[in-house]
Amino acid sequence: MKAQVNEIKQGLQHFSGTDMFYQIPLTRTRFTNGIKYLVEAAECFWLVTDTSIIAKSLMEKSYFITIDFKRLTEEEQQKLGCQATITYGDGNGTIFETHKYRVTDFPLDELRLYFIDNTLLLPSEY
């Protein structure tokens with residue numbers, strides 16, 4: 001698992017901007033090359049689908065949404081009753097929503113994504 005995590009982290013560092021956009025058919029959310037790499041490397045299409053649906057619902061609150069995935073420590077898991085959280089904010093300290101995930105197979109401990117103009121992207125692609 002650690003080798004996979006290191007490979008994903010190294011792979012994510014290679015993305016800046018994007019030359020192609022992809023689309024989630026159900027939601028019509030666009031996503032970048034970096035997100036496509038993440039989906040394939042981490043097998044996490046669920047993450048892209050979930051975050052795009054929630055971020056779209058928050059567009060009235062802010063045109064720019066930060067999305068922060070965090071795997072919790074064992075102590076935090078005991079306290080909150082979940083394995084991970086995804087927090088949606090405006091990037092300036094305002095938190096709009098936090099969603100709990102009882103179980104996750106996402107290999108990274110933390111990840112930040114951006115959602116702007118109906119597009120999900122890595123911070124390095126902004």
Side-chain angles (χ1 to χ4, degrees):
M1 179 74 122
K2 187 167 176 99
Q4 179 193 20
V5 169
N6 290 336
E7 181 181 320
I8 293 168
K9 285 182 178 179
Q10 287 178 347
L12 290 173
Q13 292 176 10
H14 297 284
F15 295 95
S16 61
T18 193
D19 60 359
M20 183 167 217
F21 289 98
Y22 305 89
Q23 190 175 68
I24 301 170
L26 181 65
T27 63
R28 297 202 177 281
T29 301
R30 297 182 320 165
F31 59 97
T32 59
N33 288 335
I35 299 296
K36 183 176 187 299
Y37 167 81
L38 179 67
V39 165
E40 292 171 352
E43 298 178 1
C44 64
F45 198 74
W46 66 268
L47 179 70
V48 171
T49 304
D50 282 9
T51 57
S52 70
I53 290 169
I54 306 286
K56 277 178 105 98
S57 76
L58 298 171
M59 288 173 60
E60 290 181 9
K61 295 182 179 186
S62 177
Y63 74 95
F64 180 84
I65 307 286
T66 57
I67 301 163
D68 293 297
F69 172 91
K70 181 183 178 202
R71 181 180 311 282
L72 304 175
T73 64
E74 287 190 32
E75 184 178 313
E76 290 170 321
Q77 288 179 29
Q78 293 287 331
K79 184 179 176 183
L80 296 175
C82 61
Q83 209 174 43
T85 59
I86 298 179
T87 303
Y88 300 83
D90 68 358
N92 293 318
T94 302
I95 303 298
F96 299 127
E97 292 186 20
T98 299
H99 291 250
K100 297 178 181 179
Y101 289 79
R102 289 183 54 88
V103 178
T104 182
D105 61 353
F106 188 63
L108 302 180
D109 289 335
E110 58 185 20
L111 176 72
R112 174 169 266 197
L113 303 174
Y114 291 161
F115 185 84
I116 185 167
D117 294 330
N118 197 41
T119 305
L120 193 61
L121 59 150
L122 300 173
S124 61
E125 294 176 304
Y126 180 65

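Rounded to the nearest 0.5 Å, atoms OG (Ser124) and CD (Gln13) are 9.0 Å apart. One distance of note links CG of Asn33 with NE2 of His14; it measures 13.5 Å at 0.5 Å rounding. Between the CZ atom in Phe45 and the CD atom in Glu43 there is a gap of 13.5 Å [rounded to 0.5 Å].
Here the rule is side chain to side chain contact (heavy atoms under 4.5 Å, CB included) with Thr27, and of Asn118, Val48, Ile53 only Ile53 fits it. The side chain to side chain contact (heavy atoms under 4.5 Å, CB included) test with Arg30 is passed by exactly one of Leu120, Leu121, Thr119: Thr119.
Counting only residues at least two apart or on different chains, no salt bridge (charged side-chain N to carboxylate O under 4.0 Å, His left out) pair has a member in residues 82-101.
A search for side chain to side chain donor-acceptor pair (under 3.5 Å) contacts involving Thr66 returns nothing, not counting sequence neighbours. Applying the side-chain contact (heavy atoms from CB on, under 4.5 Å) test to Tyr63 and every residue at least two apart in sequence or in another chain returns Ile116.
In this structure the side chain of Gln83 never reaches within 4.5 angstrom of the side chain of Arg102, judged on heavy atoms. Annotation: side chain of Ile86 is not in contact with side chain of Thr98 (no heavy-atom distance under 4.5 Å). By the 4.5 Å heavy-atom criterion applied to side chains, Leu108 and Lys9 are counted as neighbours. For the pair Leu113/Ile65, no side-chain contact is recorded, criterion being any heavy-atom separation below 4.5 Å from C-beta on.
A donor-acceptor pair shorter than 3.5 Å cannot be found between the side chains of Thr87 and Asp68. Inspection of the Glu125 and Thr32 side chains reveals an N or O donor paired with an N or O acceptor under 3.5 Å.
Look at Glu75 and Lys79 and you find no salt bridge, because none of the NZ, NE, NH1 or NH2 atoms lies under 4.0 Å from a carboxylate O.
Ring-plane geometry between Tyr114 and Tyr126 is classed as perpendicular, the angle between the planes exceeding 60 degrees on a 0 to 90 degree scale with a lower cut at 30.
Taking the six-membered ring for Trp, Phe31 and Phe21 have ring centres at least 6.0 Å apart. Between Phe96 and Tyr88, the ring center distance fails the sub-6.0 Å criterion.
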